[in-house]
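This report refers to the structure that appears directly beneath it.
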Amino acid sequence: MDEALPKQPVFRFAPSPNGQLHLGHALSAILNFDMARQENGRFLLRIEDIDITRCTPEYEAGIVEDLGWLGLTWESPVRRQSEHFNLYREALGALIDRGLVYPSFLTRGEIKARVTAFEAEGAAWPRDPDGAPIYPGEERSLLPMGRQQMLASGKPHAWRLDMAKAVVQVMEPLTWREMGGGPQGETGMITADPARWGDIILSRSDAPSSYHLAVTLDDAEQAVTHIVRGQDLFHATSVHRLLQHLLGLPEPLYHHHRLIPGEDGRKLSKSNRDTGIAAFREAGKTPADIRAMIGL
Ligand code: GLU
């Protein structure tokens, strides 16, 4: 009779320990925590530290301290992405075996140079939803021999998703249910459009997984049912829905929330110590003050 029982909702806050938590993080963390409580659900903290060059134990300790001070509690043990590289490698391997992923040897600098040369002629290079130039795509059609030789040479490379090949694997419309709202107020059933991102990177020479691959696998691994995060990740959801489809993972509900602008109207930055939760705490603010500052 297990299937008759309603599934207990699972929420998570998933910060990267590459800086201090700011008001935007506080909003995300508190919304997740409050919603979990309201829905009688579980609340998890996940440390997204795949970028081992920028993430530090000190920042992680700061996150734990700030969240505790805000009055949040979460389940143990806390999942750390750096402890699950094998999971990401295995999923990547499966996609490589299916011919959906290919090695890409162009460096960021080489890609930038191509885009700059092209735009010098006056035409605009296509951009992804974050405004970054779409990868040129030329290595997609490298012949197997050439590819083998490049791999054998040991040249550092990333692995990219062949987006055109991947999207045709999806037979039904790829959608998600949006419970919050996108940057344009999108809500309800949203049609995913992963092709806007081009051939995204799934793994880099210096990190075994990209954000997209790790977040998708971890949310499934932790049986997360409700993904509550900032609107800046609204369009990334198209990629996550595609990866869920390709890897046979369950579809969570999504709630993208408003962002907290800095005083200058720009996005809050992790490197700006003045708007960090720790700085507010040291200046004598209370958790209730923080809630008020972020409109909760
Ligand atoms: N680790 C991501 C960040 O700090 C959040 C990932 C997510 O919520 O999906 O921006």
Side-chain angles (χ1 to χ4, degrees), residues 9-33 35-36 42-56 59-60 62-64 66-67 72 74 78-85 88 129-130 132 176-183 190 192 194 197 200-202 204 207-244 247 249-260 262 267-272 275-277:
V10 181
F11 293 77
R12 56 41 166 200
F13 175 57
S16 298
N18 56 10
Q20 297 188 336
L21 292 191
H22 55 55
L23 291 176
H25 296 109
L27 177 64
S28 231
I30 296 174
L31 280 179
N32 270 289
F33 181 75
M35 286 186 193
R42 300 167 54 203
F43 174 65
L44 312 176
L45 170 65
R46 181 168 75 231
I47 299 295
E48 302 219 318
D49 58 349
I50 26 177
D51 184 353
I52 44 180
T53 58
R54 291 172 59 221
C55 295
T56 68
Y59 283 134
E60 184 183 319
I63 288 172
V64 166
D66 290 348
L67 295 178
L72 310 195
W74 52 89
V78 167
R79 186 179 178 89
R80 247 181 234 104
Q81 291 190 322
S82 58
E83 291 166 4
H84 298 276
F85 285 165
Y88 315 137
D130 281 349
W176 79 85
R177 186 170 291 284
E178 176 63 46
M179 319 284 281
I190 310 288
W197 291 93
I200 49 158
I201 287 187
L202 293 189
R204 293 181 190 284
S209 176
S210 70
Y211 155 66
H212 294 307
L213 183 62
V215 84
T216 307
L217 287 164
D218 281 340
D219 283 330
E221 195 71 12
Q222 295 190 286
V224 173
T225 56
H226 292 62
I227 296 186
V228 179
R229 61 187 179 192
Q231 263 166 15
D232 49 338
L233 292 169
F234 179 80
H235 292 293
T237 306
S238 286
V239 171
H240 304 167
R241 287 292 298 118
L242 175 63
L243 291 174
Q244 283 156 4
L247 297 165
L249 306 175
E251 174 185 353
L253 293 169
Y254 288 90
H255 178 123
H256 291 94
H257 62 73
R258 65 193 159 87
L259 301 176
I260 307 281
K267 221 178 129 171
L268 286 177
S269 145
K270 284 190 172 173
S271 49
N272 191 345
T275 53
I277 304 301

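Sequence positions, counted from 1, serve as the residue numbers for this chain. Side chains are part of it too, since the values below use all heavy atoms of this structure and drop only hydrogens, waters and symmetry mates. One-based numbering, in listed order, for ligands and for the atoms of each.
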- prompt: So, for W74 and F11, is the gap between ring centers shorter than 6.0 Å?
  reply: no

query: Going by distance only, is there an N or O of A14 that falls short of 3.5 Å from an N or O of ligand 1?
result: yes

task: Return a yes/no value for R229: is any of its N or O atoms, backbone included, closer than 3.5 angstrom to an N or O of ligand 1?
output: yes

For ligand 1, which atoms, with element, lie under 4.0 Å from some heavy atom of [X]?
X: V215; result: 9 (O)
X: R12; result: 7 (C), 8 (O), 9 (O)
X: E48; result: 1 (N), 2 (C), 5 (C), 6 (C)
X: S16; result: 1 (N), 4 (O)

query: Which is it for I227 and ligand 1 at heavy atoms under 4.0 Å: side chain, backbone, both or neither?
result: neither

- request: State whether a side-chain donor-acceptor pair under 3.5 Å links H257 with R229.
  value: no

query: Between Q222 and R12, do the side chains contain an N or O donor and an N or O acceptor separated by less than 3.5 Å?
result: no

- prompt: Pick from R46, Q244, H240: which one makes a side-chain hydrogen bond (donor to acceptor under 3.5 Å, both in side chains) with D219?
  reply: R46

query: Is the CD1 atom of I52 crowded by more than 12 outside heavy atoms at less than 6.0 Å?
result: no

task: In sequence, state the C-alpha distance, the side-chain angles, and the governing distance for Y211 and D51, and then conclude on side-chain hydrogen bond (donor to acceptor under 3.5 Å, both in side chains).
output: CA-CA 9 Å; Y211 155 66; D51 184 353; over 6 Å; no

message: Check contact between Y211 and ligand 1, using heavy atoms of the residue and a distance below 4.0 angstrom.
response: yes

